[in-house]
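Lettering of chains follows the sequences in order, A, B, ..., and the numbering in each one begins at 1. None of the values given here were measured: they were computed from a predicted structure.
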Number of protein chains: 4
Amino acid sequence: MAVAEPENAPRRRADAIRNQEAIVEAATEVLAEQGTAVDVREIARRSGVGMGTLYRHFPKKEDLIRTVLRQDFSKWAESARQAAIGAEDPWAALTGFYEQALTGYARHRVIVENFALTWSDPDLEGIQQLRLVIEELRAGAADLLRPGVTTEDLLLLLVSLGHAVQLTDECRPLMWNRLLRISLDGLRADHGEPLPVAHRSRSK
Amino acid sequence: MAVAEPENAPRRRADAIRNQEAIVEAATEVLAEQGTAVDVREIARRSGVGMGTLYRHFPKKEDLIRTVLRQDFSKWAESARQAAIGAEDPWAALTGFYEQALTGYARHRVIVENFALTWSDPDLEGIQQLRLVIEELRAGAADLLRPGVTTEDLLLLLVSLGHAVQLTDECRPLMWNRLLRISLDGLRADHGEPLPVAHRSRSK
Amino acid sequence: MAVAEPENAPRRRADAIRNQEAIVEAATEVLAEQGTAVDVREIARRSGVGMGTLYRHFPKKEDLIRTVLRQDFSKWAESARQAAIGAEDPWAALTGFYEQALTGYARHRVIVENFALTWSDPDLEGIQQLRLVIEELRAGAADLLRPGVTTEDLLLLLVSLGHAVQLTDECRPLMWNRLLRISLDGLRADHGEPLPVAHRSRSK
Amino acid sequence: MAVAEPENAPRRRADAIRNQEAIVEAATEVLAEQGTAVDVREIARRSGVGMGTLYRHFPKKEDLIRTVLRQDFSKWAESARQAAIGAEDPWAALTGFYEQALTGYARHRVIVENFALTWSDPDLEGIQQLRLVIEELRAGAADLLRPGVTTEDLLLLLVSLGHAVQLTDECRPLMWNRLLRISLDGLRADHGEPLPVAHRSRSK
DNA sequence: TATGAATGAGACTTCATTCAT
DNA sequence: TATGAATGAAGTCTCATTCAT
């Protein structure tokens, strides 16, 4: 039961697939190490393919970066989702989700470096999936959350704390745990004041 | 308030100072517009000085960026501090401080782009001053804060929310207000659980 | 009219021939549109064959270009020849030949781009055929031509005017007609002066 | 009485001028040898300047080519003009002009390679100057020319013959002289038939 | 000392040709 | 044998930094 492929897709790409994977893998590594400023040749070198091959698969450097971003994002989001699944109760699910997500965040430099992009990229299905997961968690814990907390709030909180993780990862690992606790407490139902109204999107 | 200069400094600093100021001013502008990827020539051009002069004052591009960063940072922090000063009560002071700081954050692209640098730069006095301000606010509102909240927590919260501001500034301005409210509520004294222990800084 | 093939040629040429024809056809199209700078892949794509097949038939890009050039050249020359055939008198034949040839010239980009090549290529039978045609026309109109006019003169005149056609095709179509008239008048017998001596070909 | 320079032009460019000249000189050489397909680095190398310098003076490769084209064109046109000046009578002037122009034509590969560009480039003052020269020659020899011959005709004839020169320069030098004679004879007044009407420019 | 021209290592990308499948 | 993926040497252009004037 392999992943369904379009019937009309061309066959015969065993090595092409292997190469593409090697490129993405190498790119993931290199981007994590050096950020988006890397020389494309370094990626080609580590992939063990020539420049032409790399550019056959990814006509622009940015195409490659996007691909890595999406994949990295998906993996990251999925691991966080898994952490939520095994939880005992809805609140533990939410908490576990954040903990897992944030724990892995610092390792995903591409995500970090491009979150502004990620955030506003409508093509990036990953973020939609993440939204769905969060929405589920929110719905499950609705009784425990203060009224008015939206999925967007929870998503933005995640990203916001992610930044804190990144900053403190080197010098104060786990310090972000305290912020997380504070934020989660702030999300609880026992806060009487409603949240301010979120302004709607400016344009488009 | 001027920076102390060595007594035995050579004369003829008049135009040198004027140049340096022009450079920093132009750099502030340009960096805000285009980020750190700008061509140094653009800065020289807008300053009205030659490349040689620019490099006499700032031997590396990064030196200039740092300088702008410090100054920008100071201005930003100061405006937030002022917002706290006029407040009616300690809690309003803390709230006002965050609001002012975050409102201006998105406009300070250099700060945003370099906060990781800022954060860990021991030479950057600006962050120390900011710490002092926050420490004062924390001390003033100590009774209202849950036990164990440190100045570092408050500082990290600021940076963390700053990131949220940056991400939502274009498409959802003021959405960050909701996160701020949530976090501030989480900081309140009426939460029974103590915060987890912050791990100590890793030895370099 | 088909090109003679060696008797002992291997069988199974059916699809090979079909492929070769498809390649040449596509190449003719593409070269006309984009000139010799086209990517070989574009030709392969339009031919519906793979790169390997293309290179099996034409080991170098230039081989393919040459082939197209020859074929294009032949067609062009033949159409001009036909125009001469139906003429009432020898002079009209000559005139009609030039008019037809020049009218079609601008559409034959490969010829235009490679005439220097064409001109000096001893392998290019096309130019020989063209010479033969012109020679016939010249012989037929010998009485009307000034003494000393050679076939080479007439051929060079054709190419020379062809260049004029190319230059004016876009902005001043048919302006070349005036040049043609001038030249043809200059070729007439009623000019007393003999032509200057043409230097012999330099030994390679 | 040096060439007037704008008063507000910046001074201090002794070496810059020297470099620019060196670049243009080298480019002229290289372009004559290898055509416009040369590697820009080759030009830089021969100029004795770095890539940066070359690109400071000519931000795009085409800018450099254009510059060479213009200069080459001007020199060429000027030498032809000079040949006309010393002539005994108007017809000799016209003849001498063509002879000189065509004699030098083959050496100007950039012109040849780009004449289509040259021809339609309204910024290229060179072609305007050439038009003026030809117009003068035409006016001077008006009595000797068949009625209706325009400056544009004479210009196009020049370019057209230029192409013939280029083609025969290697293998049959001076063969073009015969074509020139033919054409000039065709231009003479003693041809009764008027020339066909030149169609006006299509657009713009 | 101030100027801005010069430097040149590299960045991204293309494409004729080869070769594994 | 046909396919089209792989190759990698070029090619154009940028920009932080140095240096002659």
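The listed nucleotides are E:dG4, E:dT17, F:dC13; the one nearest the side chain of C:V40 is E:dT17. With distances taken from any side-chain atom of A:T53 to the nucleotides E:dA16, F:dG4, F:dT7, the minimum falls on F:dT7. When each of F:dT1, F:dG11, E:dT21 is scored by its nearest atom to the side-chain atoms of D:K61, the top-ranked nucleotide is F:dG11. You'll find that the side chain of B:Y55 is closest to F:dT18, out of E:dA6, F:dT18, F:dT21.
Counting heavy atoms of neighbouring residues, nucleotides and ligands inside a 6.0 Å radius, atom CD of B:E25 does not exceed 12 of them.
Within 3.5 Å, a donor on the side chain of D:R41 pairs with an acceptor on the base of F:dG11, or the reverse.
If you measure from atom CG of C:D15 to atom C1' of F:dT3, you get 14 Å, rounded to the nearest angstrom. Rounded to a whole Å, the CG atom of A:N19 is 13 Å from the C1' atom of E:dT21. One interatomic measurement links the two molecules: CD1 of D:I65 to C1' of F:dT12, which rounds to 12 Å at whole-angstrom precision. For C:R18 and F:dA2, the CZ to C1' distance is 13 Å, given to the nearest whole Å.
With a cut-off of 3.5 Å on both pairing distances, the Watson-Crick or G-U wobble partner of E:dT7 is F:dA16. E:dT21 is paired with F:dA2 under the Watson-Crick or G-U wobble criterion, all donor-acceptor distances under 3.5 Å.
Nearest-nucleotide assignment on DNA chain F puts the 5′-proximal partner with D:K60, out of B:M51 and D:K60.
Within the nucleic acid shown, D:D39 comes within 4.0 Å of at least one base atom, counting heavy atoms only.
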Test log, rule salt bridge (charged side-chain N to carboxylate O under 4.0 Å, His left out), inputs B:E42 and B:R45: CA-CA 5 Å; B:E42 176 63 17; B:R45 207 173 303 130; 2.6 Å; yes
